[in-house]
Colleague: 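Starting off with a structure, shown below.
Index from 1, following the sequence. Scope of the values below: all heavy atoms of this structure, side chains included, with no hydrogens, waters or symmetry mates.
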Amino acid sequence: MLCQKAPGRASAHAHASADSPCGAEEIGITALGELLVDFTDAGETSDGRRLFERNPGGAPANVAVGAARLGVRAAFVGKVGADVNGRFLRGVLEREGVDCTGLITDAACATTLSFVEVSSDGERSFSFARKPGADTQITPSEVAAPAVAGLIARSRVLHVGTLSLTDEPARTATLEALAIARDSGCLVSFDPNYRADLWDGDGEARAQIASVLEFAQLVKLSDAECALACGTSDPKRAAAKLVSAGVPLVAVTLGAQGAYVRCEKGGCLVEAVPGVDVVDTTGAGDAFWAGFLAAFLESGRTPASVGIDDARRFARAGNENAARCIAHRGAM
């Protein structure tokens with residue numbers, strides 16, 4: 001649980017150039033973590049058998065694709081299997097214009113799968129096929145390889161979640177990426193994206209969330225994650241606690257209510273886009289965060305210089321992007 005200013009936090013305005021390849025183009029957002037297939041509930045056959053639709057997913061990958069669609073130069077670091085699903089996912093990212101320099105194919109393990117059940121009101125539940133999945137098998141040495149480390153070092157933001165922290169070697173690989181970001185002046189964005197079935201209890205999840213918060217300047221929580229990450233279920237108190245601990249910019253998504261944003265100068269509630277016909281909420285938080293980060297990057301501000309009006313504008317962009325997402329099937 002975060003309760004004091006975290007040590008070793010990267011500068012909120014420094015940016016690396018010494019470690020970047022000469023002439024290499026700056027990346028707006030590099031996302032690291034899971035890229036997987038969501039098999040989404042698609043009804044039943046005429047004789048009552050359940051149908052599932054293959055959709056690309058994985059929270060960090062969703063953020064990378066969402067940012068790319070908004071004009072941000074985006075990259076992805078992760079691992080898929082040498083199978084039909086891995087080829088499908090690589091093709092999706094390449095078609096979306098996401099830099100796949102850091103996407104590794106591993107013939108020794110299968111691409112992770114998630115089966116998504118969608119209720120009548122668009123809410124979803126997940127069941128993972130991941131024992132182990134390729135996303136958990138990325139190694140610290142693969143992240144530290146010059147091509148991947150250079151990608152992170154020339155990024156303005158490194159975005160991570162916690163699914164890469166549930167298993168080794170991906171856990172240590174994520175910490176390696178965070179260290180590279182810290183040392184190169186790259187900002188760190190963090191969304192816990194908590195999935196209880198993938199953790200050995202809340203205590204381990206809390207510890208791993210705290211380990212990433214030590215690096216982060218940009219944090220997104222859902223209202224359901226506030227208690228786990230901050231020790232309080234109240235979104236305003238949770239956001240204030242993070243800011244007082246040294247995270248300059250925080251957003252808490254509130255579903256149909258919109259989002260609460262907090263910066264060092266205060267906080268505000270930003271209402272959701274009204275009148276949206278909800279089809280599927282999968283990826284809504286990722287779409288929100290892609291819109292938020294894209295607006296933040298476009299502003300040219302540092303997290304510490306963001307004012308309440310800026311934060312409100314970023315959250316409004318996030319809400320608009322989330323509204324587009326939930327009106328369609330699939331996380332991307």
Side-chain angles (χ1 to χ4, degrees), residues 29 31-43 51-70 72 74 76-80 85-86 88-98 100 103 111-119 121-130 133-135 159-164 189-198 220-222 224-225 251 253 255-256 259 272-273 276-294 318-332:
I29 297 172
L32 178 147
E34 69 276 10
L35 172 62
L36 50 81
V37 170
D38 284 331
F39 282 105
T40 307
D41 190 345
L51 292 172
F52 288 91
E53 176 182 272
R54 184 173 72 166
N55 288 306
N62 295 339
V63 171
V65 168
R69 288 178 176 173
L70 293 169
V72 176
F76 182 78
V77 176
K79 183 173 279 193
V80 292
N85 292 314
F88 163 68
L89 293 168
R90 180 181 291 274
V92 169
L93 262 58
E94 290 175 345
R95 286 192 299 275
E96 295 287 352
V98 176
C100 291
L103 178 57
T111 301
T112 296
L113 309 178
S114 172
F115 291 85
V116 186
E117 188 170 14
V118 183
S119 66
D121 60 357
E123 290 300 324
R124 72 279 187 272
S125 57
F126 298 87
S127 178
F128 292 89
R130 191 189 189 223
D135 66 299
H159 174 68
V160 301
T162 61
L163 267 67
S164 61
S189 158
F190 179 47
D191 174 6
N193 189 39
Y194 178 65
R195 297 287 179 261
D197 290 350
L198 298 178
K220 183 200 85 70
L221 300 171
S222 71
E225 292 164 341
T253 54
V273 175
V276 179
D277 185 13
V278 179
V279 174
D280 180 2
T281 61
T282 308
D286 305 326
F288 169 87
W289 200 229
F292 187 103
L293 291 177
N319 284 343
E320 290 170 356
N321 212 42
R324 288 191 285 271
C325 175
I326 63 177
H328 302 276
R329 293 177 62 82
M332 290 186 186

Colleague: Can you check whether G330's main-chain N or O pairs, donor with acceptor, with D280's side chain at less than 3.5 Å?
Modeller: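 Present.
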Colleague: With a 4.5 Å limit on heavy-atom distance, are the side chains of N85 and V80 in contact?
Modeller: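 Of all side-chain heavy-atom pairs linking V80 with N85, none is under 4.5 Å.
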Colleague: The criterion is salt bridge (Lys or Arg N to Asp or Glu O under 4.0 Å); which residues satisfy it with D191, sequence neighbours excluded?
Modeller: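 Once residues adjacent in sequence are excluded, the partners of D191 under the salt bridge (Lys or Arg N to Asp or Glu O under 4.0 Å) criterion are K220.
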Colleague: Not counting sequence neighbours, which residues clear ring-ring contact (aromatic ring centres under 6.0 Å, His included) with F288? List them please.
Modeller: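 Per chain and number, F288 pairs via ring-ring contact (aromatic ring centres under 6.0 Å, His included) with F292.
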Colleague: May I ask you to establish whether R54 and F88 are in a cation-pi arrangement, using a distance under 6.0 Å from NZ or CZ to the six-membered ring centre and at most 45° from the ring axis?
Modeller: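 Yes, cation above the ring, under 6.0 Å and within 45°.
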Colleague: Measure from the side-chain N and O atoms of R90 to the backbone N and O of L103, and report whether any donor-acceptor pair falls under 3.5 Å.
Modeller: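 Answer holds: yes.
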Colleague: Working to the nearest 0.5 angstrom, can you tell me the gap between N321 CG and L70 CG?
Modeller: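 Rounded to the nearest 0.5 Å, the CG-CG separation comes to 5.0 Å.
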Colleague: The criterion is side-chain contact (heavy atoms from CB on, under 4.5 Å); which residues satisfy it with A256, sequence neighbours excluded?
Modeller: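 By the side-chain contact (heavy atoms from CB on, under 4.5 Å) rule, A256 matches no residue at all.
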Colleague: Has the side chain of E225 got a donor or acceptor atom that lies under 3.5 Å from a matching backbone atom of Y194?
Modeller: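 Yes; judged by distance alone, with no hydrogens or angles, the pair exists.
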Colleague: Run the salt bridge (Lys or Arg N to Asp or Glu O under 4.0 Å) test against E320 and tell me which residues pass, sequence neighbours left out.
Modeller: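 Partners of E320 by the salt bridge (Lys or Arg N to Asp or Glu O under 4.0 Å) criterion come out as none, since no residue qualifies.
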Colleague: Flag the pair V65 / F76 as yes when at least one side-chain heavy-atom distance between them is below 4.5 Å, and no otherwise.
Modeller: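 No - every pair of side-chain heavy atoms lies 4.5 Å or more apart.
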Colleague: Which residues pass the side-chain contact (heavy atoms from CB on, under 4.5 Å) test with A323, sequence neighbours left out?
Modeller: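 Per chain and number, A323 pairs via side-chain contact (heavy atoms from CB on, under 4.5 Å) with V273, V276.
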Colleague: Go through the structure and list residues passing side-chain contact (heavy atoms from CB on, under 4.5 Å) with T112, not counting sequence neighbours.
Modeller: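 For T112, the residues satisfying side-chain contact (heavy atoms from CB on, under 4.5 Å) (neighbours in sequence not counted) are L36, R130, D135.
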Colleague: Determine, stepwise, if the pair L113 / F52 fulfils side chain to side chain contact (heavy atoms under 4.5 Å, CB included).
Modeller: CA-CA 12 Å; L113 309 178; F52 288 91; over 6 Å; no
Colleague: Would you confirm whether T162, through its side chain, and P192, through its main-chain N or O, come within 3.5 Å as a donor-acceptor pair?
Modeller: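 A pair under 3.5 Å: yes.
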Colleague: Measure from the side-chain N and O atoms of R329 to the backbone N and O of N55, and report whether any donor-acceptor pair falls under 3.5 Å.
Modeller: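 Judged by distance alone, no pair lies under 3.5 Å.
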Colleague: From T282 OG1 over to N62 CG, what is the distance, rounded to the nearest 0.5 angstrom?
Modeller: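 Output value for this atom pair is 9.0 Å.
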